[in-house]
Chemist: 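To start, I am sharing the structure in question, which I have written as structure tokens.
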Amino acid sequence: MSCLRLLTAGGGSMMSGEQEPRSYYVGVDVGTGSVRAALVDQRGVLLAFADQPIKKWEPQFNHHEQSSADIWAACCVVTKKVVQGIDVNQIRGLGFDATCSLVVLDKQFRPLPVNQEGDSHRNVIMWLDHRAISQVQRINETKHSVLQYVGGVMSVEMQAPKLLWLKENLRETCWDKAGHFFDLPDFLSWKATGVTARSLCSLVCKWTYSAEKGWDDSFWEMIGLEDFVADNYNKIGNQVLPPGTSLGSGLTPEAAKELGLPTGVPVAVSLIDAHAGGLGVIGADVRGHGLVCEGQPVTSRLAVICGTSSCHMGISTDPIFVPGVWGPYFSAMVPGFWLNEGGQSVTGKLIDHLVQGHPAFPELQAKATARCQSIYAYLNSHLDLIKKAQSVGFLTVDLHVWPDFHGNRSPLADLTLKGMVTGLKLSQDLDDLAILYLATVQAIAFGTRFIIEAMEAAGHSISTLFLCGGLSKNPLFVQMHADITGMSVVLSQEVESVLVGAAILGACASGDFTSVQEAMARMSKVGKVVFPRLEDKKYYDKKYQVFLKLVEHQKEYSAIMSGD
């Protein structure tokens with residue numbers, strides 16, 4: 001089941017009297033559950049969009065796998081769809097972004113199994129896979145200097161622990177036969193061009209590579225992966241290029257045929273999906289919207305990419321080390337700037353989990369379907385219905401959520417933390433579900449505030465949030481982020497900012513723009529600004545105090561239970 005939308009009915013792709021000929025770029029985004037593609041013009045306008053689901057396997061708890069063949073096939077389906085009916089010779093460039101999942105191939109580029117079952121079709125360890133917990137604990141115990149670039153503590157979602165897990169658990173079926181370990185975005189650009197060069201973004205953010213110093217031999221030797229050092233990092237990448245650079249001779253004849261594009265179309269060095277979202281929003285021209293960041297440098301903006309999980313992207317001219325926040329990574333998103341990346345492991349997935357697990361969920365589904373609404377649009381209108389004289393947010397005065405149901409990524413970097421809900425009653429009706437949903441959305445926004453405070457304490461100065469991704473389409477989610485952080489939230493004109501970011505990469509590869517920054521300024525536009533309701537500040541300050549108390553108490557409970 002895939003879908004295609006043409007987005008400019010009567011947009012007149014070649015209107016008479018139009019001065020500049022249309023140039024098109026294709027952006028392809030591989031998310032957790034689907035592949036999406038868009039056709040974008042040189043002004044950043046989305047002309048067509050298609051998506052296609054991809055398969056996921058969970059053979060056991062914390063093991064999440066995909067298939068690179070299935071993912072590539074989906075990329076071909078959606079790309080062919082978005083270029084239907086246009087002159088493909090006007091397509092000037094192609095850009096990919098993807099989740100930072102790990103793809104394993106043998107020396108002949110054939111898939112290898114990342115599972116005990118020996119199923120080589122499942123050759124991708126997904127980003128959210130947490131199988132390598134004991135490996136990441138041992139890596140963190142080394143206190144190696146590369147860890148200071150990931151907030152002092154490496155995440156189980158990064159690649160080194162996963163690689164160590166493969167060596168220790170699948171030595172014969174996978175590790176010894178492996179020829180290539182790709183970050184998923186790099187796998188896609190290799191598949192399109194035949195070039196095995198890696199993206200600076202992926203290697204710096206997920207693999208401990210340094211833009212200045214390259215690989216650190218002592219790190220790999222210390223953690224027991226000296227194999228990489230011995231073969232000069234051939235399997236994980238020894239040619240590293242900045243995102244947006246044109247790769248090789250562009251699309252190979254084979255890939256061009258599969259994607260429905262001409263051979264030789266320039267293909268860009270890729271980005272991780274969240275970073276593509278950051279690229280798609282953070283450079284927008286904000287003049288005339290009454291925003292504090294108008295007179296401030298781009299470093300005052302925080303891009304929040306919120307989907308299954310959320311990423312908080314802040315940039316700086318000098319390196320800033322933030323405990324529990326990844327980075328600083330040089331040139332990993334915007335060339336010439338250092339990037340810090342905060343994150344929440346589950347956000348969209350958490351909202352789904354709590355809503356779908358509630359006894360009133362079947363009633364909610366039936367009522368939303370009857371109104372032809374999404375369940376979240378229905379919940380938002382239901383909250384408006386049951387609120388008293390005060391703002392909707394006050395409905396959770398005695399219901400509080402700590403959202404780390406999948407551990408804490410930032411700023412505590414503590415995998416062992418669990419979710420908490422306090423203030424439950426015996427009711428199981430729709431009102432009860434709606435208020436739990438609201439409290440969960442608020443908890444995610446409090447988590448963002450917690451990350452911002454950690455970044456500011458370390459030296460960032462942030463004044464405005466730029467939101468994109470699936471959750472940014474939910475007005476309640478956006479308003480709560482404004483109210484709880486006290487900052488204005490900018491939404492892009494194009495909701496699919498991640499796809500605009502991928503297309504910006506293609507535009508850079510084409511040579512149509514002199515720099516990534518120029519492409520960002522030309523192709524990302526402000527759509528809507530949501531201002532905070534400052535009259536509710538006192539209430540949210542109190543709820544934030546409770547929020548911080550929750551985790552403090554959780555640690556106390558844990559200490560009691562592990563005591564003698």
Side-chain angles (χ1 to χ4, degrees), residues 23-30 37-44 75 79 91-98 100 182-206 209 211 237 239-251 255 261 264-284 298 303 305 313 315 329-339 341 468 492 494 496-524:
S23 296
Y24 299 118
Y25 313 101
V26 174
V28 178
D29 163 50
V30 179
L39 183 71
V40 179
D41 72 7
Q42 73 268 42
R43 290 171 304 218
C75 291
T79 304
I91 292 169
R92 305 268 306 145
L94 169 64
F96 291 98
D97 73 77
C100 44
F182 282 106
D183 217 73
L184 182 54
D186 288 328
F187 165 80
L188 299 170
S189 56
W190 163 73
K191 195 81 178 145
T193 63
V195 178
T196 60
R198 305 302 207 274
S199 168
L200 186 68
C201 172
S202 293
L203 290 200
V204 165
C205 296
K206 305 297 169 188
Y209 186 82
Q239 189 197 356
V240 187
L241 297 170
T245 310
S246 184
L247 279 165
S249 310
L251 278 182
L261 297 171
V265 167
V267 177
V269 175
S270 58
L271 277 173
I272 298 166
D273 54 352
H275 300 65
L279 200 68
V281 295
I282 209 167
V298 69
I305 299 86
M313 309 288 202
I315 59 176
Y329 302 135
F330 186 66
S331 280
M333 186 172 80
V334 182
F337 285 88
W338 293 84
L339 170 72
E341 182 186 344
C468 68
S492 290
E494 293 297 352
E496 304 293 350
S497 303
V498 177
L499 284 164
V500 172
I504 284 173
L505 293 174
C508 294
S510 73
D512 290 350
F513 295 97
T514 55
S515 67
V516 172
Q517 281 95 325
E518 188 200 346
M520 278 165 51
R522 290 275 299 279
M523 292 175 71
S524 50

Chemist: Which heavy-atom pair separates Ala268 from Gly95 by the least distance, and what is that distance?
Modeler: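 Smallest interatomic distance, heavy atoms only, reads CB-CA, 4.5 Å.
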Chemist: Of the non-hydrogen atoms in Leu339 and Ala332, which two are nearest, and what is the gap between them?
Modeler: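 So the minimum-distance heavy-atom pair works out to CD2-CB, 4.1 Å.
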Chemist: So how far is it from Cys100 SG to Asp186 CG, rounded to the nearest 0.5 Å?
Modeler: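 Result: 11.5 Å between the selected atoms.
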Chemist: Taking all non-hydrogen atoms of both residues, which atom of Ala502 and which atom of Gly27 are closest, and how far apart?
Modeler: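 In terms of heavy atoms, the two residues are closest at CB-CA, 3.7 Å.
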Chemist: I need the Leu261 CG to Ile91 CD1 distance, nearest 0.5 Å.
Modeler: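 Result: 5.0 Å between the selected atoms.
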Chemist: Under 4.5 Å between any side-chain heavy atoms of Leu279 and Leu505, yes or no?
Modeler: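 Answer yes - side chains close enough.
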Chemist: If only atom types and distance count, is the side chain of Thr245 paired as donor or acceptor with the main-chain N or O of Pro242 below 3.5 Å?
Modeler: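 Pair found, side chain donor or acceptor close to backbone of Pro242.
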Chemist: Looking at side-chain heavy atoms only, is the closest gap between Tyr209 and Leu200 below 4.5 Å?
Modeler: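 Tyr209 reaches Leu200 side chain to side chain.
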Chemist: Any donor-acceptor pair under 3.5 Å linking the side chain of Asp41 with the backbone of Arg43?
Modeler: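 Checked: pair present.
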Chemist: Between atom CD of Glu341 and atom SG of Cys205, what is the distance when rounded to the nearest 0.5 Å?
Modeler: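 SG of Cys205 is found 5.5 Å from CD of Glu341.
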Chemist: In Å and rounded to the nearest 0.5 Å, what is the CZ to OG distance from Phe187 to Ser202?
Modeler: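 Between Phe187 CZ and Ser202 OG, I get 13.5 Å after rounding to 0.5 Å.
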Chemist: Measure the spacing between OH of Tyr329 and CE of Met313 and express it to the nearest 0.5 Å.
Modeler: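 So the gap between those two atoms works out to 9.5 Å.
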Chemist: Is there a donor-acceptor contact under 3.5 Å from the side chain of Arg522 to the main chain of Met520?
Modeler: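 Checked: no pair found.
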Chemist: Is any side-chain heavy atom of Ser492 closer than 4.5 Å to a side-chain heavy atom of Val500?
Modeler: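 The answer is no, as the side chains (C-beta and beyond) never meet within the 4.5 Å cut-off.
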Chemist: Can you list the steps and then say if Val281 with Ser524 is a side chain to side chain contact (heavy atoms under 4.5 Å, CB included)?
Modeler: CA-CA 6 Å; Val281 295; Ser524 50; 5.9 Å; no
Chemist: Checking side chain to side chain contact (heavy atoms under 4.5 Å, CB included) for the pair Phe96/Val267: CA distance, chi angles, key distance, verdict?
Modeler: CA-CA 8 Å; Phe96 291 98; Val267 177; 4.1 Å; yes
Chemist: Take the angle between the ring planes of Tyr25 and Phe513 and call it parallel below 30°, perpendicular above 60°, tilted in between.
Modeler: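 Tyr25 vs Phe513 ring planes: tilted.
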Chemist: Side chains of Trp190 and Leu247: does their closest heavy-atom pair fall under 4.5 Å?
Modeler: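 When only atoms from C-beta onward are counted, Leu247 and Trp190 do not touch, as no gap falls below 4.5 Å.
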Chemist: With the side chain counted from C-beta on, respond yes when Asp97 and Pro185 share a heavy-atom pair under 4.5 Å apart, and no when they do not.
Modeler: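 With C-beta onward as the side chain, the pair stays apart.
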Chemist: What pair of heavy atoms forms the shortest contact from Ala98 to Leu184, and how long is it?
Modeler: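 Nearest pair, atom of Ala98 first, then Leu184: CB-CG, 3.7 Å.
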Chemist: Indicate yes or no: at least one non-hydrogen side-chain atom of Cys75 is less than 4.5 angstrom from one of Val30.
Modeler: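 A side-chain contact exists here, since the closest heavy-atom pair is under 4.5 Å.
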Chemist: Under a 3.5 Å distance rule, please check whether Ser331 uses its side chain to pair with a backbone N or O of Gly336 as donor and acceptor.
Modeler: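 Indeed, once roles are kept as given, a pair shorter than 3.5 Å links the two residues.
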Chemist: Quick check for you: to the nearest 0.5 Å, what is the distance between Ile305 atom CD1 and Ile272 atom CD1?
Modeler: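 If I round to the nearest 0.5 Å, the distance is 11.0 Å.
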Chemist: So, do Lys206 and Asp183 sit near enough that their side-chain heavy atoms are less than 4.5 Å apart?
Modeler: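 Side chain of Lys206 against side chain of Asp183, heavy atoms only: contact under 4.5 Å found.
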Chemist: Does any part of the side chain of Glu494, heavy atoms only, come nearer than 4.5 Å to the side chain of Met523, both counted from C-beta?
Modeler: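 SC-SC contact between Met523 and Glu494 ruled out.
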Chemist: Compare every heavy atom of Gly237 with every heavy atom of Arg198, then report the nearest pair and how far apart it is.
Modeler: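 Looking at all heavy atoms of both residues, the closest pair is CG-CA, 3.7 Å.
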Chemist: Side chain to side chain contact (heavy atoms under 4.5 Å, CB included), that's the test. Do Ser249 and Thr193 meet it? Break it down for me.
Modeler: CA-CA 7 Å; Ser249 310; Thr193 63; over 6 Å; no
Chemist: One pair to check against side chain to side chain contact (heavy atoms under 4.5 Å, CB included): Val28 and Leu94. What are the steps and the verdict?
Modeler: CA-CA 8 Å; Val28 178; Leu94 169 64; 4.0 Å; yes
Chemist: With no hydrogens and no angle check, is any side-chain donor or acceptor of Asp29 less than 3.5 Å from a backbone partner on Leu499?
Modeler: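 No; zero donor-acceptor contacts below 3.5 Å.
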Chemist: So which atom in Ile282 and which in Val334 form the shortest heavy-atom distance, rounded to 0.1 Å?
Modeler: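 For Ile282 and Val334, the tightest heavy-atom pair comes out as CG2-CG2, 4.3 Å.
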Chemist: Without swapping roles, check the side chain of Ser497 against the backbone of Gly280 for a donor-acceptor pair under 3.5 Å.
Modeler: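 No, because the side chain of Ser497 does not come within donor-acceptor range (under 3.5 Å) of the backbone of Gly280.
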